[in-house]
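In this text, all values refer to a predicted model and were calculated from it rather than measured experimentally. FYI, side chains are in, hydrogens and waters are out, and symmetry mates aren't considered; it's all heavy atoms of this structure. Numbered from 1 within each chain, the chains take letters A, B, ... in sequence-line order.
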Amino acid sequence: MRNLVGYLINRFGWMLLTLWIVYSVSFVLMRSVPGNPFSSERTVPPAIERQLRARYNLDAPPLQQYFDYAVGIVTRGDLGWSIRLEDYSVNQVLAEGFPVSASLAIFGLVFAITLGIPAGVVSAVYRGSAADLSMMAIAVFGIAVPNFVLASLAILLFVFSVQIFPAAGWGTLSQVMLPALCLGAPVAAYIARLTRAGMLEVLNREHVRTAMAKGLSHRAVILKHVLPGAMLPVVSYLGPATAGVLTGSLVLEKIFAIPGMGSHFINAALQRDYTLAMGMVLTYTLLLFVMNSIVDISYAVIDPRVKLQ
Amino acid sequence: MSPEARKAFLSIAIVCVVAALAWASFFESLPPAEFSLQSGADVKTLDPARATGNIEGRILFELFEGLLRMMPEGEPDPETGLQPMAPKPGMAESFEVSNENKRYTFRLRDGIKWTDGTPVTSYDFAWSWQRVLHPGTASEYSFHLHSIPFAKAYSDATVAVGDRVEVEMWDRPDETPTGKATYQNYPRGTILYGTLQEIRKPPEPSDEEKKKNKNAEADWTESWVYVIDIAELDAQGNVQWDGPTKRQSFSSALKSPVADPDTQRAHMVLVAFDKLGGLETPDEKTFIVNLNDPIPYFPNIVAFYTLFPVNRACVEEHGSPLWTKAENIVTNGPFKLQLRRLRDRLRLEKNQDYYDADNVALNTVDFLSLEGENTALNMYETDQLQWVTMPPETVLEVLKQREDFYAAPQLSVYFYRLNVARPPLDNVLVRRAIAMAIDRVEIVEEVTKLGQLPATTIVPPGLAGYTSAEGFVPDVAKARELLAEAGFPGGRGMPRLTILYNTSEGHRSIAEVIQQQLQNNLNIAIELQNMEWGSFLDKVQQTDYQIARAGWIADYPDPNTFLDMWMTGNPQNNTNWSNKDYDELIRSAARETDPAKRMDLLRQAEQIWVDEMPVIPIYFYTSINVVKPNVKGFFPSAQDLHPLQLLRFDDSVTTND
């Protein structure tokens, strides 16, 4: 338990440091690219542009802006007003987009795990069979094909040929299925391959042979003695997988018209929306850090050999 | 860790996953809307004074209503199918024009209400228009009101000694006498009126200081002290300009080196726009607008969303931009806002208090934020969407054959700006040679393929009463002659030119065709350079380019919107082109009362433009829409306006999928 607390404090310190570095680098980068948030095809008169800049504190010296904005985030959790979506504060944008992205990611991951692990187990147990070959072929396909191609195929198949799912939109369970499937597919493929490799490795271990020799049923051996060991690489992959699912959804968000956070990320950068871009970068940093820490902890729990440091 | 803990962990993990899944499967149910349309990107704002784009416009035309409203008038044009639109009575039931077309008297309808139940009055309009002009609102479209006396000076915040001015004291809510200014302009602080007697300025910072400190100039301007003879108000709120006055001094800086001990802190000193007779509100049903010039398209501007009224109580209570939230916003149009979700939709429902509500057929309308063009078409094909506003270019060939496809010429032009300060483009012969050597027919037939019209002038066809200037005739042989005359026979000695465009497939293909044509026809080497939008705009606005692509959509249906932007010093000019005769013609056209003469002056100006060719016109746009066949009341229009209150479902038409 002491290990855990120490580990968490340690991680928290690193997280703050990382966030600060990310904040500083983004701050400098955003302001050094050409263009500004108020560029538009119609030239804004200087008096009006000054008013606009004042509204976002962009008229202050850069160093002052750097501190003012940081103080706002730390003391009030206030990421400021979005410059391009001017009726919204960055906090509101995140509050609307994050739950959507999160639901999609949860469905995607659940799909990935429920499809990937059984496929990997079956492949390993019946190694060399037709089932193994076909499933691994599908897995290679799933990893290689980018998700927008997969999405187009899925739409052709499930929206137009067999009409079971709506084409796009957000708000009902049936609208989540297709995008979640496309989002989870590459992850499922990876998990299947990792499970299979892990299973094959453990199947040759001595404790498995002992268990078999004891006369335990094949099924019990696989579930009790092989699977837990084979899960280690899968669990360590789940950290980056969650990151991938959360950030990788932006293409799917566009194709399936899903109101998640992903599209804000790109638009904020392209439109020089300094505040929104900063909010997105910091949110993603935080998310990735938290996800990786959770994975590290669970890794330590599953594998007695791993110590939290 | 003990095996028990490990087991417990597994159970906890499973519980977490199940809980997460349950949370994720919970959706707030929203009944589907009767009518859904593709809105495009998220709207920037719902504040009419702050909005600028077409997407914002489409929604604001439904949520709010101005004194006048663009509605169909007359029969569609048999050739193009365009339905003519004209400013029709909206909140105003009628208007009269007097004083040589410079005084508009609007009579407001009876029984018009805001969605909070209060009546819409002439005071709402006077207040809203002044809000558009107020420098703190920073409206990009405030120039629409600049034809009203003192409006331009008010929105530019320029004052001169002798002007009748207003002073806003430093006492807006949430403001302390020594603190920073609040960004909320409304409610305003106490306003005093008076005549400006003197502006005291501390020594101006040197150019070096300005370079070192970007705010030096702004700080300096802020420290000016204004000495004003403050006049009194009578019981009706009229300013007694010639009555007794009291001399006082004001400054927005807390400590100004030129301040007196009794100098008071105040916000900007502006001309007293609301007390100088530009807008008159004799009673709550009458609204009078006086203009500097008899501009004939003023009713069109009145029907434009920047001039729509906003509810004063709502804005002052919630402040900007919070008043635009669905739970706060108060509107007066045929529809009202029920729900707004980013990247998802704006749900509008019929406004039962609208004066013409009986003739509004649709009860709920969804404006879906759909940026993916294929997504929109997929949804249309599966009946989730009734109107696609941006069909994907890749399938246009197929869509064009269908009866639910509407294409029509639009008041909009695609062109290439030339930087006339950069040799060899400073030579008019070179500019005309390039313009003539481009085969526009190839561009519209092989590249854009939407029935766009090749353009050799800047003003699109289809404007009532206007005949465009005589354009040039594309002619390669003539272009070669011109180029030789300019000193580049056969393109020899011609430096390489660069076409700058913002990153987009469409712009690239057009630029490539032009590159090839100029290479083959004139032996001019062209380089292509693409930039992402923000950087592209920066380059254009700093006139740091040779040739740059651009487009312009009419703000109002009048040739002036395409012509006044090329005047010397206009912020949209960006070509370094300047012609005194041209400027003078545009200015005299603005003063001309006779419509025919005015159009003639504008045509003469356009002729100068064509002869000088500071910009190469390429084509006039077409608007494209795909609308379900069972939707009635949809027709193409030159400004791509489609009032939703006219749409209704015709059940006799069945959609065949």
Side-chain angles (χ1 to χ4, degrees), chain A residues 33-36 39-45 47-52 54-55 59-61 81 84-88 93 96-97 102-104 106-107 110 152 155 159-160 163 166-173 176 253-260 263-264 267 270-272 298 300-302 304, chain B residues 1 5-6 9 13 17 20-21 23-25 27-30 41-42 44-47 50 52 135-136 138-140 142 155-157 181 183 213-215 218 321 324-325 341-344 368-372 374-375 378-379 381-382 384 532-539 541 550 571-572 574:
Chain A
V33 285
N36 76 71
S39 344
S40 77
E41 212 157 354
R42 289 166 199 273
T43 320
V44 186
I48 292 182
E49 186 165 330
R50 210 182 111 203
Q51 290 278 348
L52 288 171
R55 190 177 290 189
D59 58 338
W81 288 93
R84 284 286 169 159
L85 299 165
E86 59 174 59
D87 294 350
Y88 282 82
V93 174
E96 281 198 16
S103 320
L104 186 61
I106 288 170
F107 275 105
V110 168
S152 311
I155 289 176
V159 177
F160 289 105
Q163 297 171 0
W170 186 258
T172 62
L173 211 52
V176 191
E253 280 179 17
K254 192 172 171 190
I255 296 179
F256 290 103
I258 296 169
S263 40
H264 293 304
N267 287 345
L270 288 181
Q271 303 178 329
R272 310 283 183 274
S298 49
V301 173
I302 300 175
Chain B
M1 220 165 274
R6 227 169 281 146
F9 179 80
V17 170
L21 208 55
W23 171 79
S25 341
F27 287 101
E28 242 174 285
S29 67
L30 188 69
D42 275 321
K44 190 177 156 201
T45 174
L46 291 181
D47 184 342
R50 298 273 314 139
T52 48
S139 166
E140 284 178 51
S142 61
S155 70
D156 293 349
Y183 304 128
N213 176 2
K214 264 197 271 172
N215 294 321
T324 60
K325 295 279 165 206
R341 276 207 303 243
L342 275 181
R343 291 286 184 276
D344 186 25
L368 298 180
S369 305
L370 285 171
E371 278 182 83
N374 295 316
T375 311
N378 286 345
M379 291 179 79
E381 292 297 310
T382 52
Q384 275 180 282
E532 156 287 320
W533 185 238
S535 321
F536 168 82
L537 283 177
D538 247 24
K539 283 271 183 200
Q541 280 163 13
Q572 322 305 339
N574 293 328

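A donor-acceptor contact shorter than 3.5 Å is absent between the side chain of Q384(B) and the backbone of P166(A).
Using a 4.5 Å cut-off between heavy atoms, L368(B) makes no contact with chain A at all. Interface remark: L21(B) contributes backbone and side-chain atoms alike to the contact with chain A (heavy atom separation under 4.5 Å). Using a 4.5 Å cut-off between heavy atoms, K539(B) makes no contact with chain A at all. Both the backbone and the side chain of E371(B) come within contact range of chain A, with heavy atoms under 4.5 Å apart. The contact between S298(A) and chain B is made by backbone and side chain atoms together, counting heavy-atom distances below 4.5 Å. Looking at D344(B), both its backbone and its side chain come within 4.5 Å of chain A, counting heavy atoms on both sides. Only the side chain of I155(A) comes within contact range of chain B, with at least one heavy atom under 4.5 Å from a heavy atom of that chain.
Scanning both residues, L46(B) and D87(A), for their nearest heavy atoms gives N-OD2, 2.9 Å. Closest approach of E96(A) to L342(B), counting heavy atoms only: OE1-N, 2.8 Å. Across every non-hydrogen atom of G171(A) and F27(B), the tightest pair is O-CB, 3.2 Å.
Considering CG of D42(B) and CZ of R84(A), their distance stands at 13.0 Å, rounded to 0.5 Å.
Surrounding NZ of K254(A) are at most 12 heavy atoms belonging to other residues, nucleotides or ligands under 6.0 Å away.
The closest side-chain heavy-atom distance from P321(B) to Y88(A) is not below 4.5 Å. Within the 4.5 Å cutoff, the side chain of R343(B) has heavy atoms near those of the N267(A) side chain. In this structure, W170(A) and R341(B) have side chains that are not in contact, with every pair of non-hydrogen atoms separated by 4.5 Å or more. Within the 4.5 Å cutoff, no side-chain heavy atoms of N374(B) are placed close to those of I255(A). Side-chain contact between V159(A) and T382(B): present, with at least one pair of heavy atoms (C-beta onward) separated by less than 4.5 Å.
With chain B as the partner, the residue from P61(A), G97(A), S103(A) showing the most heavy-atom pairs under 4.5 Å is S103(A). For the set T172(A), V110(A), V93(A), V176(A), the entry with the most heavy-atom pairs within less than 4.5 Å of chain B is T172(A).
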